[in-house]
Amino acid sequence: AQSVAQPEDQVNVAEGNPLTVKCTYSVSGNPYLFWYVQYPNRGLQFLLKYITGDNLVKGSYGFEAEFNKSQTSFHLKKPSALVSDSALYFCAVGDSFGNEKLTFGTGTRLTIIP
Amino acid sequence: DVKVTQSSRYLVKRTGEKVFLECVQDMDHENMFWYRQDPGLGLRLIYFSYDVKMKEKGDIPEGYSVSREKKERFSLILESASTNQTSMYLCASSPGGSKETQYFGPGTRLLVL
């Protein structure tokens with residue numbers, strides 16, 4: 001069975017500071033990993049994904065994520081936070097055994113303080 | 001751009017009513033999914049479909065059924081709505097095969113009284 005943990009329900013960051021939203025995962029085979037963002041009263045928007053290759057993945061809106069196999073982590077990062085980055089962020093994992101289903105984390109609410 | 005639309009943004013129903021939530025995608029995707037989103041629980045998969053008339057139970061199928069008569073349309077049915085089904089319902093679609101990105105609709109916020 002696959003699972004995802006987002007250990008922080010809430011992260012507060014000052015505008016202009018770097019931000020990190022944490023995600024750890026558990027799968028049977030090789031993982032493929034996603035980050036999505038949800039703005040108020042909206043659906044989820046795709047940010048980035050890791051399938052294979054370079055451990056640093058770059059995505060939309062200046063976000064990036066680092067895949068770390070030994071620590072089974074896929075943390076989302078941004079060098080300089082904007083107030084508009086305030087939203088709910090979800091990490092999701094799938095496995096490599098031909099399974100189309102993703103398992104989502106419980107979400108982390110990111111608040112950027114002006 | 002992929003577009004996934006859901007029939008209603010907000011819906012209020014009474015306990016015991018039969019409720020239909022509809023989802024349409026315009027990118028010829030093979031896979032379609034229904035999730036519910038609850039605070040502190042994240043997204044939980046209710047059902048998914050990998051082809052017309054094909055469906056598979058997700059993690060929380062009890063109290064729900066689905067229908068996929070056409071490739072672009074995936075319906076979620078609450079046979080007899082209950083208050084514990086008050087939630088945000090999200091539809092998603094993806095191309096066939098694993099490792100594909102899922103694209104989400106705007107969601108339907110359902111309140112069951």
Side-chain angles (χ1 to χ4, degrees), chain A residues 1-10 21 23-25 27-53 57 59-60 65 67 74 87-109, chain B residues 1-10 21 23-25 27 29-51 54-61 74 88-110:
Chain A
Q2 57 201 38
S3 65
V4 171
Q6 292 182 244
E8 299 158 319
D9 292 334
Q10 172 85 39
V21 183
C23 172
T24 59
Y25 66 88
V27 294
S28 301
N30 292 321
Y32 57 102
L33 295 147
F34 296 80
W35 276 103
Y36 286 85
V37 60
Q38 186 180 38
Y39 297 101
N41 298 313
R42 303 286 294 276
L44 274 66
Q45 294 180 30
F46 168 70
L47 275 180
L48 52 81
K49 71 178 178 183
Y50 170 83
I51 302 296
T52 187
V57 180
S60 306
F67 172 67
F74 189 56
L88 188 57
Y89 290 80
F90 289 96
C91 181
V93 67
D95 66 38
S96 56
F97 294 127
N99 185 351
E100 293 95 338
K101 292 187 284 187
L102 296 180
T103 298
F104 285 81
T106 52
T108 298
R109 185 163 300 282
Chain B
D1 280 352
V2 177
K3 190 159 186 185
V4 180
T5 58
Q6 296 184 229
S7 51
S8 305
R9 294 299 305 275
Y10 301 94
L21 303 182
C23 175
V24 177
Q25 50 95 3
M27 284 303 291
H29 284 171
E30 280 74 18
N31 297 332
M32 296 188 75
F33 306 82
W34 274 108
Y35 295 90
R36 64 176 283 176
Q37 179 183 3
D38 300 288
L41 297 177
L43 273 71
R44 293 178 291 168
L45 181 65
I46 304 171
Y47 268 97
F48 87 98
S49 169
Y50 49 91
D51 201 350
M54 306 303 287
K55 62 185 179 185
E56 190 169 315
K57 293 180 180 178
D59 300 317
I60 51 165
F74 191 36
M88 169 74 107
Y89 290 88
L90 293 167
C91 175
S93 72
S94 72
S98 62
K99 310 178 188 176
E100 297 289 347
T101 301
Q102 293 184 20
Y103 297 90
F104 284 80
T108 295
R109 191 168 292 281
L110 173 66

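The sequence lines fix the lettering, A, B, ..., with proteins before strands; numbering per chain opens at 1.
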Please look at [X] and chain A and tell me whether the side chain, the backbone, both or neither of the residue comes under 4.5 angstrom of a heavy atom of that chain.
X: B/Y89; value: neither
X: B/T101; value: both
X: B/L43; value: both

Sequence-distant partners of B/S8, side-chain contact (heavy atoms from CB on, under 4.5 Å), two or more places apart: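 Here the qualifying residues are B/L11, B/T108.
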
What pairs with A/A92 under side-chain contact (heavy atoms from CB on, under 4.5 Å), at least two apart in sequence or on another chain?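 Per chain and number, A/A92 pairs via side-chain contact (heavy atoms from CB on, under 4.5 Å) with A/F34, A/L102, A/F104.
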
Report which part of [X] has an atom under 4.5 Å of a heavy atom belonging to chain B: side chain, backbone, both, or neither.
X: A/I51; result: side chain
X: A/Q38; result: side chain
X: A/L88; result: side chain

Is B/K99 reaching over with its side chain to a backbone N or O of A/G94, donor-acceptor style, under 3.5 angstrom?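 Looks like no, no N/O pair under 3.5 Å.
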
If you count heavy-atom pairs within less than 4.5 Å of chain A, which of B/Q102, B/E56, B/R9, B/E100 leads?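 Going by pairs under 4.5 Å, I would pick B/Q102.
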
Can you tell me how far apart CZ (A/F90) and CZ (B/F104) are? Round to the nearest 0.5 Å.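 Going from the CZ atom of A/F90 to the CZ atom of B/F104 covers 9.0 Å.
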
If you count the non-hydrogen atoms of other residues, nucleotides and ligands that lie under 6.0 Å from CZ in B/R44, is the total more than 12?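 Atom CZ in B/R44 is crowded, with more than 12 foreign heavy atoms closer than 6.0 Å.
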
Does some side-chain heavy atom of B/L41 sit less than 4.5 Å from a side-chain heavy atom of A/T106?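 The answer is no, as the side chains (C-beta and beyond) never meet within the 4.5 Å cut-off.
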
